[in-house]
Amino acid sequence: MVLRSSLKNCLQLSCILRTPKADFRNTTSGGLIVQSVSNDVYQNLAVEDWIHDHMNLENRQVLFLWRNSPAVVIGRHQNPWRECTLRLLRQKKIKLARRRSGGGTVYHDLGNINLTFFTTRKKYERMENLKLVVKALKSLRPQLDVHVTDRYDILLDRHYKISGTAAKLGRTTAYHHCTLLCNADKFVLSAVLKSPYKGLKSNATPSVPASVKNLFEEDPSLTCEMLLDAIAEEYATQHQVDHHITVINPADETVLPGINNKTKELQTWEWVYGKTPKFSVNTCFDMVYKDSVLDVKVDMDVKHGRIEVCNIDLPEQWLPPALCSELVKSLTGSKFCPNETTTLATTLLRVCPQDDELQSRWNLLCENLITLM
Amino acid sequence: ARKFTDKHEWISVENGIGTVGISNFAQEALGDVVYCSLPEIGTKLSKHDEFGALESVKAASELYSPLSGEVTEINTALADNPGLVNKSCYQDGWLIKMTVENPAELDELMNEDAYEKYVKSIED
């Protein structure tokens with residue numbers, strides 16, 4: 001059973017560094033296991049940043065255990081428009097986060113566990129960490145057919161991906177984190193990890209889609225708690241420390257000074273969307289208006305999440321040219337974002353004469369533009 | 001003459017402009033580079049500032065500025081061909097060019113021999 005320590009045991013992590021444990025025999029095998037009380041993806045990613053930036057890992061390695069309420073997490077250099085259906089995320093109130101490590105896009109919910117292995121840069125070793133996870137799983141259920149691939153995935157039954165890996169190398173420290181599917185909602189997972197956006201051209205790092213399965217499907221007696229416990233146990237054994245889990249609260253500035261700023265930064269539009277590598281949208285769509293079908297061509301260059309260049313080709317005179325060029329001018333420099341575009345479009349329409357025909361045409365065009373975002 | 005940092009970046013200064021890249025040791029350790037995130041031209045950097053990141057099959061790894069100065073050019077070839085960093089880390093795989101605000105900072109860096117010795121010492 002996972003030890004759920006009370007807040008009293010919420011030790012200051014910097015304290016842990018300074019006071020070596022009494023039974024610390026081998027300084028290079030020291031390990032600390034921490035678990036987050038939060039299910040907020042931004043708070044948990046902030047904890048990773050904090051440990052990465054502030055902890056001295058020369059004599060002690062850290063294992064961080066965390067779970068998130070529904071969220072899609074994209075890699076450092078990925079394009080969210082290419083990786084998921086943003087409209088669906090917004091509808092279902094699923095959070096979108098960009099992590100600082102590389103790799104591809106994953107879906108998190110409470111049926112997925114996240115493990116982060118912190119070491120010095122020198123001791124960075126993903127295979128070892130994943131073998132530890134496999135060992136833990138097999139100690140729980142020896143009949144499980146799980147193994148690590150050379151892509152650092154963990155496969156169940158030789159075929160289904162149950163874990164994906166990503167990593168970050170910093171100045172002196174490194175971390176390797178991975179997911180583990182216990183009982184996640186596969187229906188939502190496959191619905192959101194699809195991109196409906198057409199005509200996107202980008203050199204952002206792509207994801208490699210895979211068939212996934214939950215460990216729960218293989219063995220319904222397995223729970224996230226059991227997995228977390230088994231992994232913590234294995235880590236403790238290998239690092240020759242007690243199987244004690246230090247619980248941390250990612251909102252607590254006294255334990256993690258500066259953490260709230262890190263959390264805030266991860267939530268900013270500039271980080272989540274603005275860090276998207278430059279991409280272009282070159283697409284056409286048909287607009288059905290009354291009895292005709294209109295051909296519209298859109299070309300946009302998006303840099304830092306903002307429309308740098310914008311071109312909209314409409315049938316001549318379908319809308320007043322002056323209004324169209326105003327639209328293009330306003331879009332240029334604005335965020336590639338449905339809310340911003342809606343605001344922009346509404347503002348522009350206000351300066352036009354009250355004309356129902358014009359309004360409905362305008363709304364149709366803008367609605368279609370927004371579906372690209 | 002090329003100078004090196006202990007974070008495995010190199011800088012080569014000519015006519016007041018420094019060209020920056022990563023060393024062979026670094027590119028080998030990184031593995032195949034799949035993406036280069038570089039700063040905007042005009043970005044002002046202080047020595048040790050993070051100026052970008054390289055994503056490889058191994059991990060995302062930050063890049064740190066060897067000197068203080070302003071970015072004058074970035075290697076746009078890396079957008080379509082990030083593998084240049086592995087194939088030609090000292091020539092075609094350069095990352096950025098920058099002004100040298102404080103030439104004295106160059107003296108703090110290692111020359112090629114010192115760097116070779118440094119790499120040997122870490123490898124042990």
Side-chain angles (χ1 to χ4, degrees), chain A residues 48-49 52-53 74-79 98-104 116-127 129 149-153 165-178 201-208 271 274-280 301 303-304 306 308, chain B residues 4-9 22-23 25-43 45-66 74-86 95 118-124:
Chain A
E48 278 190 328
D49 283 349
H52 180 64
D53 292 347
I74 61 175
R76 173 72 175 77
H77 303 118
Q78 292 204 294
N79 180 327
R98 180 187 297 269
R99 57 181 189 265
R100 293 191 194 276
S101 57
T116 312
F117 297 85
F118 291 90
T119 59
T120 55
R121 258 187 95 125
K122 239 195 199 165
K123 299 218 179 90
Y124 168 70
E125 187 43 76
R126 291 169 295 174
M127 197 48 88
N129 301 334
T149 69
D150 52 19
R151 257 199 92 240
Y152 305 98
D153 287 341
T165 263
K168 177 156 182 299
L169 298 173
R171 200 173 283 164
T172 51
T173 61
Y175 65 77
H176 158 218
H177 53 199
C178 61
K201 220 168 42 187
S202 152
N203 69 343
T205 55
S207 293
V208 177
W271 175 256
K275 280 293 181 197
T276 306
K278 183 171 179 176
F279 67 99
S280 63
D301 283 348
K303 189 172 172 186
H304 302 315
R306 285 181 184 273
E308 211 182 33
Chain B
F4 294 80
T5 71
D6 62 354
K7 293 294 158 257
H8 313 288
E9 286 102 9
I22 63 168
S23 72
F25 177 79
Q27 75 74 15
E28 260 177 21
L30 254 186
D32 294 337
V33 176
V34 299
Y35 188 82
C36 302
S37 173
L38 299 175
E40 295 281 300
I41 292 172
T43 306
L45 300 168
S46 300
K47 183 169 166 155
H48 300 314
D49 272 357
E50 183 201 316
F51 70 84
L54 294 179
E55 187 171 336
S56 72
V57 292
K58 273 199 165 173
S61 191
E62 257 121 37
L63 295 163
Y64 301 99
S65 185
I74 63 173
N75 188 351
T76 52
L78 296 178
D80 289 326
N81 200 350
L84 280 173
V85 175
N86 301 109
L95 300 169
Y118 172 66
V119 165
K120 279 211 170 67
S121 74
I122 335 174
E123 279 178 323
D124 293 331

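Letters A, B, ... are given to chains in the order of the sequence lines, protein chains preceding strands, and every chain is numbered from 1.
- When heavy atoms are compared at a cutoff of 4.5 Å, A/Tyr152 does not approach chain B at all.
- The residue from B/Leu95, B/Val33, B/Leu54 that alone fulfils the side-chain contact (heavy atoms from CB on, under 4.5 Å) condition with B/Leu78 is B/Leu95.
- For A/Arg171, the parts lying near chain B are the backbone and the side chain together; criterion is any non-hydrogen pair under 4.5 Å.
- Within the 4.5 angstrom heavy-atom criterion, only side-chain atoms of A/His304, from C-beta onward, approach chain B.
- The aromatic rings of A/His176 and A/Phe117 sit parallel to each other, their planes meeting at less than 30°, with 60° as the upper class boundary.
- Using modelled atom types and a 3.5 Å distance limit, the side chains of A/Ser101 and A/Arg99 yield a donor-acceptor pair.
- Ion pairing between a basic and an acidic side chain is recognised when a charged N comes within 4.0 Å of a carboxylate O; A/Lys278 and A/Glu308 show such pairing.
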